[in-house]
Amino acid sequence: MWRFGLGTGNGAADRMVPYEGAAMTTSGTASRTASRTASGRPVRTGADVLSALLFLLLEGGAALVGAVLLALRNWGGASEPRRSGPPPMDWVPVLAFGAMAGVALLLALAMLRGGWAWTAAGQFLAAGLLGLTTLLIATEEWTRAHPAPAPTAPAPSEARCVCHSAGGSCHGCPGG
């Protein structure tokens with residue numbers, strides 16, 4: 001029982017925690033433990049910044065490849081006959097960039113939980129930019145699928161009204 005710390009009172013407690021009546025030392029143990037992740041490994045700032053840049057470059061490349069593929073997707077359909085009326089909303093770019101933003105956000109949360117602060121900050125930045133891009137693409141697709149109504153032509157009676165009287169009332173003209 002002694003081996004597992006059972007029945008020994010405070011035998012299983014952390015030895016680094018100061019107890020009542022004990023003076024807290026300033027030997028630097030608090031500063032050393034503050035720079036460690038939840039798993040106990042020390043955080044290396046250089047590796048953190050390097051991984052942040054690597055992830056940003058990879059996501060930028062993925063977004064660029066996705067944009068090019070989405071732009072070339074409709075290139076071959078130029079010879080197809082067009083339907084009358086506005087085109088339907090194209091959800092593929094919205095979903096593609098939304099999925100990239102979601103993956104970046106999940107990576108950011110995982111990196112933040114793992115103690116990689118710089119990488120998490122870069123991932124939050126990428127998720128925000130991809131989310132903004134998704135929102136812009138969605139509004140552009142919506143306005144393309146829902147064009148403004150065409151201006152109405154004037155009524156036939158208003159277009160034909162020509163008043164020939166010199167200062168008198170015009171018959172058949174609105175307001176005249």
Checklist entry - Do Met111 and Phe55 touch side chain to side chain, with heavy atoms closer than 4.5 Å? => result yes
Checklist entry - Between the side chain of Thr119 and the main-chain N/O of Asp48, is any donor-acceptor distance below 3.5 Å? => result yes
Item to check | Residue list, side chain to side chain contact (heavy atoms under 4.5 Å, CB included) with Leu69, at least two apart or on another chain | outcome: Val65
Checklist entry - Would you say the side chain of Phe124 lies within less than 4.5 Å of the side chain of Leu112, judging by non-hydrogen atoms? => result yes
Item to check | Those residues that, when tested against Ala47, pass side chain to side chain contact (heavy atoms under 4.5 Å, CB included) (two or more places apart) | outcome: Arg44, Trp116
Next on the checklist: Would you say Leu58 ends up clustered with Val49 if hydrophobic residues are merged whenever their side chains have heavy atoms under 4.5 Å apart, either directly or through other cluster members?
Outcome noted: no
Next on the checklist: For a quick test of reading the model, state the closest non-hydrogen atom pair linking Ala145 to Pro86 and the distance between them.
Outcome noted: O-CB, 3.6 Å
Checklist outcome for this item: For Leu129, the hydrophobic cluster (side chain heavy atoms closer than 4.5 Å, chained through members) also holds Leu125
Item to check | Any Pro87 side-chain heavy atom under 4.5 Å of Arg144 side chain | outcome: yes
Item to check | Qualifying residues under side chain to side chain contact (heavy atoms under 4.5 Å, CB included), relative to Ala127, sequence neighbours excluded | outcome: Ala104, Leu105
Item to check | From OG1 (Thr133) to CE (Met100), nearest 0.5 Å | outcome: 8.5 Å
Checklist entry - Are the side chain of Glu141 and the backbone N or O of Asp90 linked by a donor-acceptor pair below 3.5 Å? => result yes
Please tabulate, one pair per line, all N/O donor-acceptor pairs under 3.5 Å involving side-chain atoms of residues 91-99, not counting sequence neighbours.
none

Checklist entry - Are Met89 and Ile137 linked, directly or through other ILVMFWY residues, by side chains that come within less than 4.5 angstrom of each other? => result yes
Checklist entry - Tell me, which pairs form a salt bridge (Lys or Arg N to Asp or Glu O under 4.0 Å) where one or both residues lie in residues 91-106, sequence neighbours left out? => result none
Checklist outcome for this item: Distance col, row Glu59:CD vs Leu54:CG, nearest 0.5 angstrom, shows 10.0 Å
Next on the checklist: Minimum heavy-atom separation for Ala108 and Gln123, please, with both atom names.
Outcome noted: CB-CB, 3.3 Å
